Amino acid sequence: STMLLLLLLLLLLTPTMANRKTYRVYCYGDSLTAGLLPGGRHFPYADVLRMQLQMIDPHIEVNFMGLSGWTAKELLEESNSLSTALETGSPIDLVIVLAGTNDLGHSLSPIEGGKTREDEVFPDIWKLQSLAHTKKVHTIAISVPGSRYQYAYPEAKATCVRLNALIKSKCDNDPMC
């Protein structure tokens, strides 16, 4: 999946690289974006992405904001850092969103109105994408990865599978994603 992401980014960057313009990538999400490791250490995927992409072209900047423990709704409600990144400073060319992981921890809680957990979470994930789309910025929506929690709780795993299918379906039909 890492190689696929790098190849996709390379395809998106090729026209920009030919013009030698600085290409800016902004990663936004939860603790997986922050790179939170056991013991409180951090190793964000954005650092690895930056190193790999800068080996292809040194004119690529990768920055990130990872908010540990935050749900998609909290990321959306407090999306000031994403909005600020999109509206101030140098223009951003691509936003990578990874959200929904912490929402799975709530997948065993009942939801009012007969909605499923993914029906509740997906709109918030998509609104994060749409924040970038309204600024004419393309996005990559990273699907929610597997975890030990999902293996311990099959309902969380099933929710993750359905949530990822919704993300994929929406991105398959949106040229900005």
Side-chain angles (χ1 to χ4, degrees), residues 1-72 74-76 78-104 124-148 160 163-164 167-168 170-177:
S1 68
T2 303
M3 286 305 294
L4 180 61
L5 180 60
L6 287 172
L7 288 172
L8 179 59
L9 284 171
L10 183 57
L11 289 173
L12 289 170
L13 297 174
T14 302
T16 301
M17 291 174 1
N19 297 330
R20 307 315 286 165
K21 164 191 177 279
T22 298
Y23 193 90
R24 293 177 177 82
V25 178
Y26 188 73
C27 306
Y28 185 71
D30 55 28
S31 57
L32 295 178
T33 302
L36 184 62
L37 299 172
R41 296 171 308 169
H42 287 84
F43 188 70
Y45 75 85
D47 289 346
V48 175
L49 184 61
R50 179 184 308 110
M51 288 185 309
Q52 294 295 314
L53 290 173
Q54 286 182 345
M55 287 191 318
I56 298 166
D57 185 321
H59 297 91
I60 300 171
E61 292 179 6
V62 179
N63 294 301
F64 73 96
M65 174 59 69
L67 301 162
S68 298
W70 287 35
T71 64
E74 291 168 326
L75 288 168
L76 179 63
E78 298 296 328
S79 63
N80 291 341
S81 59
L82 178 57
S83 296
T84 299
L86 288 165
E87 295 171 3
T88 60
S90 301
I92 292 175
D93 300 289
L94 177 70
V95 173
I96 300 174
V97 177
L98 173 52
T101 307
N102 295 312
D103 300 271
L104 295 181
D124 295 329
I125 293 173
W126 194 252
K127 286 175 188 170
L128 288 168
Q129 306 286 327
S130 296
L131 281 173
H133 297 170
T134 59
K135 302 292 183 187
K136 307 292 187 239
V137 176
H138 285 271
T139 62
I140 294 176
I142 298 179
S143 60
V144 178
S147 67
R148 286 186 189 173
C160 181
L163 179 58
N164 286 339
I167 293 169
K168 181 181 183 323
K170 188 71 169 181
C171 283
D172 284 349
N173 295 300
D174 189 323
M176 293 298 290
C177 186

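These figures come from a predicted structure and were not determined experimentally.
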Notebook entry, point to check: Is there a donor-acceptor pair closer than 3.5 Å between any side-chain N or O of Thr71 and the backbone N or O of Glu74?
Noted result: yes
Check: Which atom pair, heavy atoms only, marks the closest approach of Leu32 to Pro145?
Finding: CD1-CG, 3.5 Å
Checklist line | Spacing of Ile60 atom CD1 and Met51 atom CE [to the nearest 0.5 Å] | finding: 14.0 Å
Check: Rounded to the nearest 0.5 Å, how far apart are CG of Leu82 and CD of Glu87?
Finding: 9.0 Å
Next item on the list: For Asp93 and Thr22, work out which heavy atoms get closest and say how close.
Entry: OD2-O, 3.8 Å
Next item on the list: Specify the closest pair of heavy atoms between Arg24 and Pro91, including all atoms of both residues, with the distance to one decimal.
Entry: CD-O, 3.2 Å
Check: Quick check: does any side chain N or O of Asp103 sit under 3.5 Å from a backbone N or O of Ala72, one acting as donor and the other as acceptor?
Finding: yes
Next item on the list: Nearest 0.5 Å please: distance from the CH2 atom of Trp126 over to the CD1 atom of Ile167.
Entry: 9.0 Å
Check: CE/Met65 to CH2/Trp70 distance, rounded to the nearest 0.5 angstrom?
Finding: 9.0 Å
Checklist line | Approximate separation, where rounding is to 0.5 Å, of Asp57 CG and Tyr23 OH | finding: 11.5 Å
Next item on the list: Let me see the working for Val137 and Tyr26 under side-chain contact (heavy atoms from CB on, under 4.5 Å), right down to the final yes or no.
Entry: CA-CA 10 Å; Val137 176; Tyr26 188 73; over 6 Å; no
Notebook entry, point to check: From Leu98 CG over to Thr33 OG1, what is the distance, rounded to the nearest 0.5 angstrom?
Noted result: 4.5 Å
Margin query: Could you walk me through whether Leu75 and Asp124 satisfy the side-chain contact (heavy atoms from CB on, under 4.5 Å) test, starting with their C-alpha distance in whole Å, then the side-chain angles of each, then the deciding distance to 0.1 Å, before giving a yes or no?
Written below: CA-CA 8 Å; Leu75 288 168; Asp124 295 329; over 6 Å; no
Next item on the list: Please report the closest heavy-atom contact between Thr134 and Leu131, naming both atoms and the distance.
Entry: OG1-O, 2.8 Å
Check: Ignoring hydrogens and geometry, is there a side-chain-to-backbone donor-acceptor pair from Asp30 to Ala99 under 3.5 Å?
Finding: no
Margin query: Within the structure provided, determine whether Tyr28 and Leu67 are in side-chain contact (heavy-atom separation under 4.5 Å).
Written below: yes
Note to self: Looking at every heavy atom in both Ser68 and His42, which two are closest together, and how far apart are they?
What the structure shows: OG-NE2, 4.4 Å
Check: Is there a donor-acceptor pair closer than 3.5 Å between any side-chain N or O of Gln54 and the backbone N or O of Glu61?
Finding: no
Next item on the list: Apply the test side-chain contact (heavy atoms from CB on, under 4.5 Å) to residues Leu49 and Cys27: give CA-CA distance (whole Å), side-chain angles for both, the deciding distance (0.1 Å), then the verdict.
Entry: CA-CA 10 Å; Leu49 184 61; Cys27 306; 4.3 Å; yes
Next item on the list: Any chance you could lay out the side-chain contact (heavy atoms from CB on, under 4.5 Å) test for Cys177 and His133, step after step, and finish with the verdict?
Entry: CA-CA 8 Å; Cys177 186; His133 297 170; 4.3 Å; yes
Item checked: Heavy-atom pair with the smallest gap, counting every atom of Leu104 and Cys160 -> CD1-CB, 3.7 Å
